[in-house]
2 protein chains.
Amino acid sequence: MKNNETVLDDLKAVLKTKGMKYTEQRAIILQILLNIDDHLNAEEVLSIVKVKYPDQKIGIATIYRTLNFLEEVNLISSISFGKDGKKYEGNNEEHHDHIICTGCGKIVEFLDDTIEKKQEEIASQNGFKITDHTMQIFGLCSECQSTKK
Amino acid sequence: MKNNETVLDDLKAVLKTKGMKYTEQRAIILQILLNIDDHLNAEEVLSIVKVKYPDQKIGIATIYRTLNFLEEVNLISSISFGKDGKKYEGNNEEHHDHIICTGCGKIVEFLDDTIEKKQEEIASQNGFKITDHTMQIFGLCSECQSTKK
DNA sequence: GTCAATGCAAATCGTTTGCATGAAC
DNA sequence: GTTCATGCAAACGATTTGCATTGAC
């Protein structure tokens, strides 16, 4: 797992090569996603900014613009499903896939080598190149199984 | 693969048990999804109604309401990703999974037994019950690979 | 005749965009 | 000083909702 400084350096480097500017807002948003062990949507990132950086005012538009950019340059990843919009996580951990509870939105991470290999195999058989190794299993977690009749 | 009549009977049965009414609109929307070999979003369903059932006027709200209902009772399934909203297909074919091109939206269906089994295994290890055997691989199809630099 | 479903328009939600101001270089 | 990024509010597209009317039972 990469540390914060390394990834922030990556950010600075990408920005420079693209003729873009290094700003507090961009650094803050990236750091939040690197340090939290959860998947956040734009609104959730905003509310964390308000709590952890109360003197910083970041507009929701900036959050969206920054999240889109960070994903584009592969510093963060997103998963999206039904309601609740896109959720993001920092790319400082190993690659993994997600099981998502369609009841409560709970997300469990896992990695299975057999599936990874099969995925590549099937994709290439169909002429596809998997861009980001994303796979999503949807289901009901144990709590939601008992709730839903 | 089930035929139309069977599935329409299923629809009538579910509606009855739920104290809901059998309407032309609901039957039309379900039939469209059963008979087309494609994945449609709400707007696309509407435009097919206009072409194939020109004397029927169905409002977009009804389409959305009906699609939500049909998915709930498992007569159709949805996949959703990025833009373009949710896409639906009729549940008259065998279960299968999807590879989705993030470039052009092209969808390829596949079925792999090894992955199916592994999915179940991993899900149950985590206390999850896969509700609808849905898995999505995102990537770039061969055309989009050449387009994107 | 009763109650649920429909169509329409207004409302809502997540997200994007235009533009004047402010910050990075 | 120039150029890009920000914040705000307005715009947007997909989807949902409220309500009076219509249709199924």
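Chain identifiers are assigned alphabetically (A, B, ...) following the order of the sequence lines, protein sequences preceding nucleic acid strands; residue numbering begins at 1 within each chain. No hydrogens, no waters, no symmetry mates; every other heavy atom, side chains included, goes into these values.
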Those residues at least two apart in sequence (or on a different chain) that pass salt bridge (charged side-chain N to carboxylate O under 4.0 Å, His left out) with A:Asp97 are none
Using atom types as modelled and distance alone, determine if a side-chain donor or acceptor of B:Asn92 lies under 3.5 Å from a backbone N or O of B:Leu34. yes
Kindly give the heavy-atom pair with the smallest separation between A:Ala123 and A:Ile130, and that separation in Å. CB-CG1, 3.6 Å
Proximal nucleotide (of D:dT15, D:dT6, C:dT15) relative to the A:Gln25 side chain: D:dT6
Protein-nucleotide distance (A:Glu72, atom CD; C:dT16, atom C1'), rounded to Å: 14 Å
Mind listing the closest non-hydrogen atom pair of B:Leu33 and B:Tyr88 along with its distance? CD2-O, 3.6 Å
Provide, to the nearest angstrom, the distance between the CD1 atom belonging to A:Ile28 and the P atom belonging to C:dA24. 12 Å
Tightest non-hydrogen contact, residues A:Ala42 and A:Ile63, listed as O-CG2, 3.7 Å
Going by number, which of residues 58-70 of chain A have a non-hydrogen atom under 4.0 Å from DNA chain D? A:Ile58, A:Gly59, A:Ala61, A:Thr62, A:Arg65
Using the test salt bridge (charged side-chain N to carboxylate O under 4.0 Å, His left out), find all partners of A:Glu116 that sit at least two apart in sequence or belong to another chain. none
Let me check the geometry of the helix from C:dG1-D:dC25 to C:dC25-D:dG1. What is the bend angle between the axes at its two ends, five pairs each, to 10°? 30°
Considering only NZ, NE, NH1 and NH2 on the basic side and carboxylate oxygens on the acidic side, decide whether B:Glu121 and B:Lys118 come within less than 4.0 Å. yes
Spacing between A:Asn41 atom CG and C:dC13 atom C1', to the nearest angstrom: 12 Å
With rounding to the nearest 0.5 angstrom, report the CG to CD1 distance, A:Leu40 to A:Ile76. 10.0 Å
Distance check, rounded to the nearest 0.5 Å: A:Glu120 atom CD versus A:Ile115 atom CD1? 13.0 Å
Student check: side-chain heavy atoms of B:Phe138 and A:Met135 closer than 4.5 Å: no
Rounded to whole angstrom units, what separation is found between the NZ atom of B:Lys87 and the C1' atom of D:dT15? 16 Å
Separation of D:dT3 P from A:Lys16 NZ (nearest whole Å): 18 Å
Expressed as a whole number of angstroms, how long is the span from B:Leu40:CG to D:dT15:C1'? 17 Å
Test: salt bridge (Lys or Arg N to Asp or Glu O under 4.0 Å). Region: residues 8-20 of chain A. Which pairs qualify, not counting sequence neighbours? A:Lys2-A:Asp10
Can you tabulate the close N/O pairs, meaning under 3.5 Å, that link protein atoms to atoms of nucleotides 23-25 of chain D?
from   : atom 1 : to      : atom 2 : distance (Å)
D:dG23 : N2     : B:Lys21 : NZ     : 3.0
D:dA24 : O3'    : B:Tyr22 : O      : 3.4
D:dC25 : OP1    : B:Tyr22 : N      : 3.3

Rounding to an integer number of Å, can you tell me how far A:Tyr88 OH sits from C:dG14 P? 14 Å
Using atom CZ of A:Arg26 as one end and atom P of C:dA24 as the other, report the distance to the nearest whole Å. 11 Å
